[in-house]
Amino acid sequence: MTVAQLQPKIYADFVKILQTERLSHAYLFDGGFASWEIALFITQSQFCSELVENLPCGTCRSCRLITRLEFSDLHVIEPIGQVIKTETIREALRDFSRSGFEGDKQVFIIRQAEKMHPNAANSLLKIMEEPKTNVLIFLLTDDANLILPTIKSRCQQVFFPKNESYLRDFFARSGLLPNQAKILAQLAKDQEEAETLVKSQKVLQQLQHLERFLTVLFNDSKSSFLEVARLVTLFKEKSEQELVFKLLSFLLAEQLPKQMAFAYLERLYLAQKMWKSHVSFQNVLEYMVIS
Ligand SMILES: [Zn+2]
């Protein structure tokens with residue numbers, strides 16, 4: 001799999017930008033699908049020793065070190081726990097100013113940038129505003145709405161849509177049935193998560209349990225309460241229960257005619273809302289069965 005396959009349009013845009021040398025100093029990549037891979041690709045283009053029409057070769061020493069995240073002029077910053085601390089950003093910037101080679105390029109990739117402490121963000125802003133520094137910054141986030149407007153306004157924003165058809169093919173190649181591949185493609189956030197889902201097999205079993213639940217619900221409503229009891233024992237954790245709502249919504253949209261699916265999805269949405277306001281999982285499922 002290559003960046004060109006994962007995000008064909010964005011890849012093509014950046015090829016053009018690199019070839020016409022119009023790269024900006026700061027980018028906000030919104031949406032997780034292959035934004036990391038594109039950031040690394042652009043980083044390679046800045047250090048590659050065997051550029052072909054301004055594009056990185058992917059195999060020279062610099063390119064390989066960047067792929068392995070062992071390149072000294074690439075700084076990857078991630079949250080520790082739930083936050084990117086001010087100190088972490090300051091430390092990275094200090095290294096940067098200490099390096100002292102004028103014209104030496106440095107690249108910062110900040111993952112889950114929405115978790116940056118406001119002071120950390122301000123430290124970063126300062127370096128972005130210094131005209132002489134040769135720095136390239138990528139802020140990666142799943143939700144640009146959570147990024148401070150002051151930061152946003154200084155970045156070129158690029159939205160990374162999820163490539164569902166790519167994920168569908170990936171799941172199908174992994175041996176899943178077409179309808180399962182379709183549903184898991186909706187569930188997986190990116191390639192990494194898709195690989196985890198295939199490896200764990202757990203979600204596939206859960207999907208089968210829910211398919212059975214819906215079959216009983218539609219064909220043998222008297223047994224539905226037994227099914228509810230079964231689901232309650234299967235999905236004990238909050239995170240698993242959240243997954244149930246997601247998978248059910250995909251399954252309903254998939255299996256029912258549009259008008260009917262809409263009515264069911266509305267009830268599912270209500271049920272999920274009740275669950276979020278701490279009604280028990282069992283009660284919520286029973287409510288769904290009754291209504
Ligand atoms: Zn190279």
Side-chain angles (χ1 to χ4, degrees), residues 1-47 54-56 66 69 73-79 82-86 88-90 92-93 96 105-167 186 188-193:
M1 152 252 346
T2 65
V3 276
Q5 287 170 311
L6 291 168
Q7 284 293 8
K9 164 108 184 33
I10 293 173
Y11 174 77
D13 288 347
F14 273 111
V15 164
K16 212 179 284 169
I17 287 171
L18 290 173
Q19 290 180 336
T20 50
E21 298 184 358
R22 284 182 295 115
L23 199 64
S24 297
H25 286 293
Y27 286 93
L28 174 59
F29 285 176
D30 177 17
F33 199 89
S35 56
W36 167 247
E37 288 83 352
I38 292 273
L40 286 183
F41 168 75
I42 299 169
T43 305
Q44 287 177 329
S45 78
Q46 303 301 297
F47 300 104
N54 275 359
L55 301 183
I66 288 166
L69 306 182
D73 293 328
L74 166 64
H75 309 271
V76 178
I77 297 167
E78 294 177 273
Q82 282 308 303
V83 67
I84 297 176
K85 286 187 190 155
T86 313
T88 313
I89 295 275
R90 287 207 182 124
L93 293 176
F96 166 63
K105 187 146 216 160
Q106 303 271 314
V107 176
F108 293 86
I109 305 180
I110 296 159
R111 306 186 87 173
Q112 301 183 54
E114 74 280 1
K115 292 186 178 154
M116 247 191 306
H117 188 278
N119 288 341
N122 281 327
S123 303
L124 194 67
L125 276 180
K126 274 191 203 134
I127 197 105
M128 278 162 73
E129 279 161 359
E130 278 177 36
K132 277 185 196 156
T133 47
N134 199 0
V135 54
L136 176 59
I137 300 174
F138 297 98
L139 301 178
L140 274 48
T141 181
D142 284 342
D143 187 355
N145 293 322
L146 300 174
I147 301 284
L148 286 175
T150 44
I151 290 272
K152 245 193 228 172
S153 65
R154 287 165 178 81
C155 298
Q156 291 277 333
Q157 204 166 329
V158 183
F159 178 64
F160 282 68
K162 195 163 96 173
N163 186 343
E164 269 192 30
S165 73
Y166 175 85
L167 287 176
Q186 287 172 282
K189 191 170 86 225
D190 52 27
Q191 171 73 14
E192 200 181 336
E193 196 177 336

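This is a predicted model, so every value here is computed, not measured. For this chain, numbers begin at 1 and follow the sequence in order.
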Distance, nearest 0.5 Å, that separates [atom1] of [X] from [atom2] of [Y]:
X    : Y    : atom1 : atom2 : value
Q157 : S24  : CD    : OG    : 12.5 Å
E114 : D30  : CD    : CG    : 9.5 Å
I109 : L69  : CD1   : CG    : 7.5 Å
M116 : I110 : CE    : CD1   : 5.0 Å
K126 : I89  : NZ    : CD1   : 12.5 Å
L28  : L139 : CG    : CG    : 5.5 Å

| message | Other residues, nucleotides and ligands only: do more than 12 of their heavy atoms fall within 6.0 Å of NZ on K162? | response | yes
| message | Counting only heavy atoms from other residues, nucleotides and ligands, does the tally under 6.0 Å from CD of E192 exceed 12? | response |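 At most 12 heavy atoms, drawn from other residues, nucleotides or ligands, come within 6.0 Å of this atom.
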Is there side-chain contact between [X] and [Y], with heavy atoms separated by less than 4.5 Å?
X    : Y    : result
P161 : I10  : yes
I42  : V107 : no
F160 : L140 : no
F14  : V158 : yes
D73  : Q46  : no
F138 : T43  : yes

| query | According to the interplanar angle, ranging from 0 to 90°, do the rings of F41 and Y11 count as parallel (below 30°), tilted (30 to 60°) or perpendicular (above 60°)? | reply |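 Plane angle between 30° and 60°, so tilted.
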| task | Anything under 30° is parallel, anything over 60° is perpendicular, the rest tilted; go ahead and classify H75 against F108. | result | parallel
[X] side chain vs [Y] backbone, donor-acceptor pair below 3.5 Å:
X    : Y    : answer
T141 : D143 : yes
H25  : I137 : no
N119 : T86  : no
K105 : L136 : no
E78  : Q112 : no
N163 : L6   : yes

Work out which heavy atom in [X] is nearest to a heavy atom in [Y]; give both atom names and the distance.
X    : Y    : result
A188 : L167 : O-CD1, 3.8 Å
L55  : L18  : CD2-CD1, 4.0 Å
F33  : K189 : CD1-O, 3.5 Å
R90  : S123 : NE-OG, 3.4 Å
Q191 : Y166 : OE1-CE2, 3.0 Å
R22  : Y27  : O-OH, 4.3 Å

| said: If you apply the rule side chain to side chain contact (heavy atoms under 4.5 Å, CB included), what do you find for L40 with V3, and how did you get there? | reply: CA-CA 10 Å; L40 286 183; V3 276; over 6 Å; no
| message | Applying side-chain hydrogen bond (donor to acceptor under 3.5 Å, both in side chains), can you list everything that pairs with S45, at least two apart in sequence or on another chain? | response |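 In terms of side-chain hydrogen bond (donor to acceptor under 3.5 Å, both in side chains), with neighbours along the sequence ignored, S45 is linked to no residue.
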